[in-house]
Peer 1: 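Following this message is one structure expressed as structure tokens.
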Amino acid sequence: MSNQTSVTEFLLLGVTDIQELNPILFVIFFTIYFVNITGNGAILMIVILDPRLHSPMYFFLGNLACLDISYSTVTVPKLLQNLLSTSKAISFLGCITQLHFFHFLGSTETMLLPVMAFDRFVAICRPLHYSVIMNHQLCIHMTVTIWTVGFFHALLHSVMTSRLSFCGPNHVHHFFCDIKPLLDLACGNTELNLWLLNTVTGTIALTSFFLIFLSYFYIITNLLLKTRSCSMLHKALSTCASHFMVVVLFYAPVLFTYIRPASGSSLDQDTIIAIMYSVVTPALNPLIYTLRNKEVRSALNRKVRRWL
């Protein structure tokens, strides 16, 4: 990394300046992280082990569970460490690495959600052609594509950020290394970095959101025009409810953080929103899918009974 910087480490200021709150926050974040690892780990395990769940829908759900575990692991362990430690330092390389994996996994999940919406569209609107359209090869190709695009999208931001000049101060007003807080510390011109953040990241987020909206629009239109039975309509929509809740929980804070102008940014506001989409939402996803999905609940019950 050929950066012109005198800063060798950054200090992550965390979520609060009140030291007395740190033990309470540690317990809260540790509990949420434990729920995340346990819940998503259980979903990932049953999707792999249960032959009845070897379908495109659960293949993508397994990817989502893997992403949620990894996404939180990029930031939460360091947050927990800093809540109990007086030293809140992170090396320059560690900071750029954290930034890279945060945006790699975050953008991959952003693109995975419209793929899951497309899967529901085909299942509901083209049920007779579902197995032909959503074949194993297509599922693998779509998954590899979104993971690859996510990696290079993050690489763009991490390389561009690492090339900035940081000459002090080195206090990051966040609980992890993200682009906007680091740009506030850069000595040089950051207009290109902000443009890339708003344009590239914004395009990925908005395009993905639009594709999800389009999928649900066609699903609802198709159901209203072709389905006469209210019970069938309710059953079809209920299969999409879990995915829709995940979309709302993930996209709302992400779009608010990365799409709005930098001038309207508040550091405290950004921190709270980042906690929502990087800590809380990944822990809620397995609860949403297990509570609303009968097949996942049944698979979990079968595994628990077998172990007991």
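The analysis underlying the following values was restricted to heavy atoms, covering all of them including side chains, and did not include hydrogens, waters or symmetry mates.
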Peer 1: Here's a test for you: under side-chain contact (heavy atoms from CB on, under 4.5 Å), which of Ile48, Thr38, Ile69, Leu61 qualifies with Ile43?
Peer 2: Leu61
Peer 1: Which pairs with one or both residues in residues 111-141 pass ring-ring contact (aromatic ring centres under 6.0 Å, His included), sequence neighbours excluded?
Peer 2: none
Peer 1: Test of understanding: with side-chain contact (heavy atoms from CB on, under 4.5 Å), list the residues that count as partners of Leu196, not counting sequence neighbours.
Peer 2: Leu156, His157, Met160, Leu192, Val200
Peer 1: Does some side-chain heavy atom of Cys177 sit less than 4.5 Å from a side-chain heavy atom of Leu12?
Peer 2: yes
Peer 1: Side chain of Ser70, backbone of Leu67: donor and acceptor closer than 3.5 Å?
Peer 2: no
Peer 1: Do you reckon Ile204 sits in the same ILVMFWY cluster as Ile273, going by side-chain contacts under 4.5 Å, direct or chained?
Peer 2: yes
Peer 1: What residues form a side-chain contact (heavy atoms from CB on, under 4.5 Å) with Phe101, not counting sequence neighbours?
Peer 2: Val74, Thr97, Phe104
Peer 1: Linking I/L/V/M/F/W/Y whenever their side-chain heavy atoms sit closer than 4.5 Å, directly or via other members, would Ile288 and Val279 fall into one cluster?
Peer 2: yes
Peer 1: Determine whether a donor-acceptor pair (N or O, by modelled atom type, separation under 3.5 Å) exists between the side chain of Asp50 and the backbone of Ile46.
Peer 2: no
Peer 1: Any donor and acceptor pair, going by atom type alone, linking the side chain of Thr190 with main-chain N or O of Asn193 inside 3.5 Å?
Peer 2: no
Peer 1: Only counting residues at least two apart or in another chain, list the ones meeting ring-ring contact (aromatic ring centres under 6.0 Å, His included) with Phe175.
Peer 2: none
Peer 1: Under the ring-ring contact (aromatic ring centres under 6.0 Å, His included) test, which residues partner Tyr71, sequence neighbours left out?
Peer 2: Phe102
Peer 1: Are Val280 and Val15 grouped together when hydrophobic residues (ILVMFWY) are joined by side-chain heavy atoms under 4.5 angstrom apart?
Peer 2: yes
Peer 1: Checking Asp178 side chain against Pro181 main chain: does a donor-acceptor pair fall under 3.5 Å?
Peer 2: no
Peer 1: With a 3.5 Å distance limit and no angle check, can you tell me whether Thr281 reaches the backbone of Met276 through a side-chain donor-acceptor pair?
Peer 2: yes
Peer 1: With distance as the sole test, does Ser165 use its side chain to make a donor-acceptor pair with the main-chain N or O of Ala186 at under 3.5 Å?
Peer 2: no
Peer 1: Got a donor-acceptor contact below 3.5 angstrom from the Asn198 side chain to the Leu194 backbone?
Peer 2: yes
Peer 1: Tell me if a side-chain donor or acceptor on Asn40 pairs with a main-chain N or O of Ile37 at a distance below 3.5 Å.
Peer 2: no
Peer 1: Side chain to side chain contact (heavy atoms under 4.5 Å, CB included), that's the test. Do Phe209 and Leu113 meet it? Break it down for me.
Peer 2: CA-CA 8 Å; Phe209 186 76; Leu113 292 175; over 6 Å; no
Peer 1: Applying the 4.5 Å side-chain criterion to the ILVMFWY set and letting contacts propagate, would Tyr216 and Phe213 be lumped into a single cluster?
Peer 2: no
Peer 1: Stepwise, does the side chain to side chain contact (heavy atoms under 4.5 Å, CB included) test hold for Trp147 with Met111?
Peer 2: CA-CA 9 Å; Trp147 281 81; Met111 292 179 284; over 6 Å; no
Peer 1: Can you tell me if Ser162 uses its side chain to pair, donor with acceptor, with the backbone of Val159 under 3.5 Å?
Peer 2: yes
Peer 1: Between Leu64, Asn63, Val247, which is the residue that forms a side-chain contact (heavy atoms from CB on, under 4.5 Å) with Met116?
Peer 2: Leu64
Peer 1: Quick one: which residue pairs count as a salt bridge (charged side-chain N to carboxylate O under 4.0 Å, His left out) with a foot in residues 72-95, not counting sequence neighbours?
Peer 2: none
Peer 1: Look at atom CD1 of Ile18 and say whether more than 12 heavy atoms of other residues, nucleotides or ligands are closer to it than 6.0 Å.
Peer 2: no
